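Here the structure is laid out as structure tokens; the discussion comes afterwards.
Model, not experiment: these values are computed from the prediction.
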Amino acid sequence: MKKYSIICIFLATFVLLNGCKKDQDTVTLSAVINHPSKVFINDQRYPCWEGGDAIYINDDSYSINGNSINTNNRTIAEIQGVTVSTNGYRAIYPASIVAEGSDISGTNPVTVTLPRRQVYGMTEVGGNDYQKIRIPMGAYISSGKTLQFSNLCSVVRVTVDNPSTAAEAKEIQEISLNARDAYLSGTGSASITENDETNKISIVAGGNKDVTLSRSNPNHTMKTLNPGESAPFDIYVPEFGSLTNSDEIIITVKATTGYKKIKVENAYLNHSSIVSIMVDVATLKPLPAKLVGGPTFNSRVLPNLSGITKILFKYNDESDHTGAVELQTEDSPTPIYGYVGVDESNNPCYVVSTAADSILANSECGRMFKNMTSLQEIEFGSQFNTKNTTSMYEMFYHCTGLTTVTLPSTFYTNRVNRMDAMFSECTNLESITIPEEFNTANVTTMWSMFKDCSHLTSINFPNNFNTSSVTTMQAMFDNCSRLVSLDLSTFNTAQVQTMYAMFRNCKKLEDLTLPSNFNTARVTSMREMFSGCEKLESLTLPSDFTTASVTTMEGMFKNCKKFTTLDLSQFNTANVRVMAQMFYNCEKMQELRLGTDFTMATVEANLGNYDSQNNLMGRYGNMFYFTGKTANGNPSQRCTVYCTSDVQEFFADDRDGTINQTYSHIAVNNAHADYCIFTDIVSQ
């Protein structure tokens, strides 16, 4: 009985308290739209509330009661059930731009997130259509019950006109605003001030570089304009203040049949401003044509290149293309044709033609020009855009006739992840012009990228040539036999796992400096890395050039004939299993320094019971063959090897060192260490 009484008392108290809270702690506020706010831009528009409009007040979201909207003046409505506050009310519309659970009742500016994509819709009020777009508004009252809402953003109105002389209706799909500089992606602020200067609400709006107005489903048309019709469209953006030439914005109107770009400058954008733009859809340009993928392009074009030395990309071309090969994707708004024609000098060439003013390259550009051996020139023009491309592997592979490649500034590579063998086997290529827009931050593989470009004398890498994501540089510059200089200052190799044959047969290089970001901590293979660099006299290695993970150094410095000294005292060979021919034919070598971490312990552990001549030859054979002597066997060139006593013992010589009874016969006769003098580095 006692337990039952306690429960009854608790329930009665709960009901009483909650009933009182509802009666005493809520209030009904009036929401009034000031001019110009929401969609009320001029006399052609109507400001109005709609039932369900969500408003964030102090620390929660509330909805407009549709039945409370004043039918004669829809700028007035009621917000019921608002929690009472003795400090007044701060409000933001729509509630969706405020993070859920926020408390905006204080005195600090409110941070909101403005949407990049704004949804376009139409509704009817009083028999008139108006654009339904939820322009952010704010209001503040320190006392009383009326919230006066005003815009927190500027409004850019784009009026699209289809003149009466137009031949057809135009379906408007999307209107976008792009800031060429970064101001929209920064923060803007706006404030609504009442009669009392202290009564205000501020907003710090995280904007975007791109703002788009479209239907929620991109495939739906916003509005169809028949000949003689026009329609206004509004986009809201953060306030900015004075808009000068240096921070212009670009408005793009896209229809199903084309697009139009307009530059806006010398405008003023604040929370009460309206910038009006007029667009004549009769002047729309065709949408960018979309090119087929690289392998498809190759299969359709290559059979038509007999005797053709040039490919020319041609834009805004209205020529008759009867019988031409189609090169556009199925969803391309504008066709692309390929045919044998002539260039401006009346020379025969293969023309890639479109009526559009630009071509959007496929996401897959791999193998695009592969094996087009007759080509000597590819003229992309400035309208070949690769912004959506993710792969360029073997793009110019085996174009043995190309002598120059000039990539336009629209050759964007921000999304590309593959560049393996991109220019490989372009054996006559003498120069490559790489624009600053060539950003390789997402590329993971560059193996054989310039392999066998045997006529290249230099490669100028732009600042955006970022290799921080690359995992393989195998044979990247292999057989670039005429390279006389190589600036790798932009290289970051922290993720690279293999450098096999990276600089092999770069026969003209006389010096090479690897930058501080040339980190080799993950590299497992340095096999033939500098092999065949016959004129290399100076090699500068950074402190991050570590070999602790390397398992093979086979032929690493093979045929580096110009070295007289080489300091490898930082090398750690604890995991190296193969060193065969590592210093093979380094005939000018007089001094070689191997540090205290240069050990032969791994080979001894792996040889075990297999101490046969073949096993040792496979791992360490000819390691010092012709090291420090000419091909004529001139003993005056003998090389002094500063090393640990373990290495000295392993390569012991009957004449110059203590014999290691287990391996000495094999080491001396087959590893050819007999022209090296091994000296304990500890004693130096």
inquiry  = I want to check something: taking the side chain as every heavy atom from C-beta on, are Thr373 and His398 in contact at a cut-off of under 4.5 Å?
reply    = yes
ask   = Just by modelled atom types, is the Asn519 backbone N or O under 3.5 Å from a matching donor or acceptor in the Thr493 side chain?
value = yes
query = Is a side-chain donor or acceptor of His455 paired with a backbone partner of Leu429 at a separation under 3.5 angstrom?
reply = no
ask   = Do Ile308 and Met372 come within less than 4.5 Å of each other through their side chains, counting heavy atoms only?
value = no
query = At what distance, to the nearest 0.5 angstrom, does OG1 of Thr471 lie from CE of Met446?
reply = 10.5 Å
request  = Find out whether Met419 and Phe438 are in side-chain contact, i.e. whether some heavy atom of one side chain is under 4.5 Å from a heavy atom of the other.
outcome  = yes
Donor-acceptor pair, side chain of Ser569 and main chain of Leu594, under 3.5 angstrom = no
ask   = So, for Thr640 and Thr679, which heavy atoms are closest and what is the spacing to 0.1 Å?
value = CG2-OG1, 3.8 Å
ask   = Between Asn492 and Phe518, is there a donor-acceptor pair closer than 3.5 Å when you use the side chain of the first and the backbone of the second?
value = no
request  = Classify the ring geometry between Tyr584 and Phe626 as parallel (under 30°), tilted (30 to 60°) or perpendicular (over 60°).
outcome  = perpendicular
message = Quick check against the 3.5 Å criterion: does Gln383 have a side-chain atom that pairs as donor or acceptor with the backbone of Ser358?
response = no
query = Considering all heavy atoms of both residues, which atom of Ser489 and which atom of Pro515 are nearest to each other, and what is their separation?
reply = CA-CB, 4.0 Å
request  = Would you check if Thr457 and Glu430 make a side-chain contact, meaning some heavy-atom pair closer than 4.5 Å?
outcome  = no
note = Here the salt bridge (Lys or Arg N to Asp or Glu O under 4.0 Å) pairs for residues 530-542, sequence neighbours left out, are none
ask   = Are the side chains of Arg522 and Gln495 in touch, meaning some heavy atoms are under 4.5 Å apart?
value = yes
key: Closest approach of Met623 to Thr627 (non-hydrogen atoms, all atoms of both residues)   = O-OG1, 4.1 Å
key: Side chain Glu587, main chain Asn559, donor-acceptor under 3.5 Å   = no
key: side chain to side chain donor-acceptor pair (under 3.5 Å) assessment of Ser454 paired with Asp452   = CA-CA 5 Å; Ser454 52; Asp452 293 322; over 6 Å; no
query = For the residue pair Asp544 and Ser516, what are the closest heavy atoms and their distance?
reply = OD2-O, 3.5 Å
request  = State which residue, out of Leu360, Asn362, Leu291, fulfils the side chain to side chain contact (heavy atoms under 4.5 Å, CB included) condition with Thr329.
outcome  = Asn362
inquiry  = Considering only residues two or more places apart or on different chains, which pairs with a residue in residues 292-313 satisfy side-chain hydrogen bond (donor to acceptor under 3.5 Å, both in side chains)?
reply    = Lys310-Asp343, Lys310-Glu379
request  = For side chain to side chain contact (heavy atoms under 4.5 Å, CB included), just list the numbers for Asp597 and Phe571, CA-CA rounded to whole Å, side-chain angles, deciding distance to a tenth of an Å, and then say yes or no.
outcome  = CA-CA 6 Å; Asp597 290 326; Phe571 273 35; over 6 Å; no
inquiry  = For a side chain to side chain donor-acceptor pair (under 3.5 Å) check, start with the C-alpha distance between Tyr625 and Gln581, then their side-chain angles and the critical distance, and finish with the verdict.
reply    = CA-CA 7 Å; Tyr625 189 47; Gln581 301 186 359; over 6 Å; no
query = What's the spacing between Asp487 CG and Phe461 CZ if we round to 0.5 Å?
reply = 8.5 Å
NZ/NE/NH1/NH2 to OD/OE distance under 4.0 Å, Asp478 and Arg504 = yes
Beyond-backbone contact of Leu514 with Leu488, side-chain heavy atoms, under 4.5 angstrom = yes
task = Find the distance between OG1 (Thr599) and CG (Asn572) and round it off to the nearest 0.5 Å.
result = 9.0 Å
ask   = Is there a donor-acceptor pair closer than 3.5 Å between any side-chain N or O of Ser469 and the backbone N or O of Thr444?
value = no
ask   = Do the ring centers of Phe297 and Phe369 come within less than 6.0 Å of each other?
value = yes
message = Quick one, Phe450 with Phe396, criterion ring-ring contact (aromatic ring centres under 6.0 Å, His included). Give me CA distance, side-chain angles, the key distance, then yes/no.
response = CA-CA 10 Å; Phe450 303 98; Phe396 303 94; over 10 Å; no
message = Determine whether a donor-acceptor pair (N or O, by modelled atom type, separation under 3.5 Å) exists between the side chain of Thr386 and the backbone of Ala361.
response = no
request  = Given side chain to side chain contact (heavy atoms under 4.5 Å, CB included), test Met579 with Thr573 step by step and report yes or no.
outcome  = CA-CA 10 Å; Met579 291 185 184; Thr573 62; 3.4 Å; yes
task = Taking the side chain as every heavy atom from C-beta outward, state whether Phe678 and Phe624 have any atom pair closer than 4.5 Å.
result = yes
task = Please name the pair of heavy atoms, one in Pro435 and one in Pro462, separated by the smallest distance, quoted to 0.1 Å.
result = O-CG, 3.4 Å
query = What do the steps show when you test Val301 against Val325 for side chain to side chain contact (heavy atoms under 4.5 Å, CB included), and what is the final call?
reply = CA-CA 8 Å; Val301 173; Val325 176; over 6 Å; no
task = Carefully, step by step, assess Phe503 and Leu512 under the rule side chain to side chain contact (heavy atoms under 4.5 Å, CB included).
result = CA-CA 10 Å; Phe503 305 100; Leu512 181 63; 4.1 Å; yes
ask   = Do side-chain atoms of Asn505 reach the backbone of Lys507 as a donor and acceptor pair under 3.5 angstrom?
value = no
inquiry  = Can you tell me how the ring of Phe557 sits relative to the ring of Phe563, calling it parallel under 30°, perpendicular over 60° and tilted otherwise?
reply    = perpendicular
inquiry  = Any donor-acceptor pair under 3.5 Å linking the side-chain atoms of Ser468 with those of Asn466?
reply    = yes
query = Would Arg527 and Glu554 pass as an ion pair if we require N to O under 4.0 Å?
reply = yes
Pairs touching residues 412-424 that satisfy side-chain hydrogen bond (donor to acceptor under 3.5 Å, both in side chains), sequence neighbours left out = Asn388-Arg415, Arg418-Asp420
ask   = Heavy atoms, side chains only, cut-off 4.5 Å: are Leu402 and Gln376 in contact?
value = no
ask   = Shortest non-hydrogen contact from Phe313 to Phe380?
value = CB-O, 3.6 Å
key: Met368 side, atom CE; Tyr393 side, atom OH - distance, nearest 0.5 Å   = 13.0 Å
query = With distance as the sole test, does Thr524 use its side chain to make a donor-acceptor pair with the main-chain N or O of Gln497 at under 3.5 Å?
reply = yes
Approximate separation, where rounding is to 0.5 Å, of Arg117 CZ and Ser176 OG = 9.0 Å
inquiry  = Quick check for you: to the nearest 0.5 Å, what is the distance between Tyr642 atom OH and Ile681 atom CD1?
reply    = 9.5 Å
task = Would you check if the distance from the ring center of Phe491 to the ring center of Phe465 is below 6.0 Å?
result = yes
ask   = salt bridge (Lys or Arg N to Asp or Glu O under 4.0 Å) between Lys508 and Glu510: does it pass, once the steps are laid out?
value = CA-CA 6 Å; Lys508 296 286 187 180; Glu510 295 183 4; over 6 Å; no
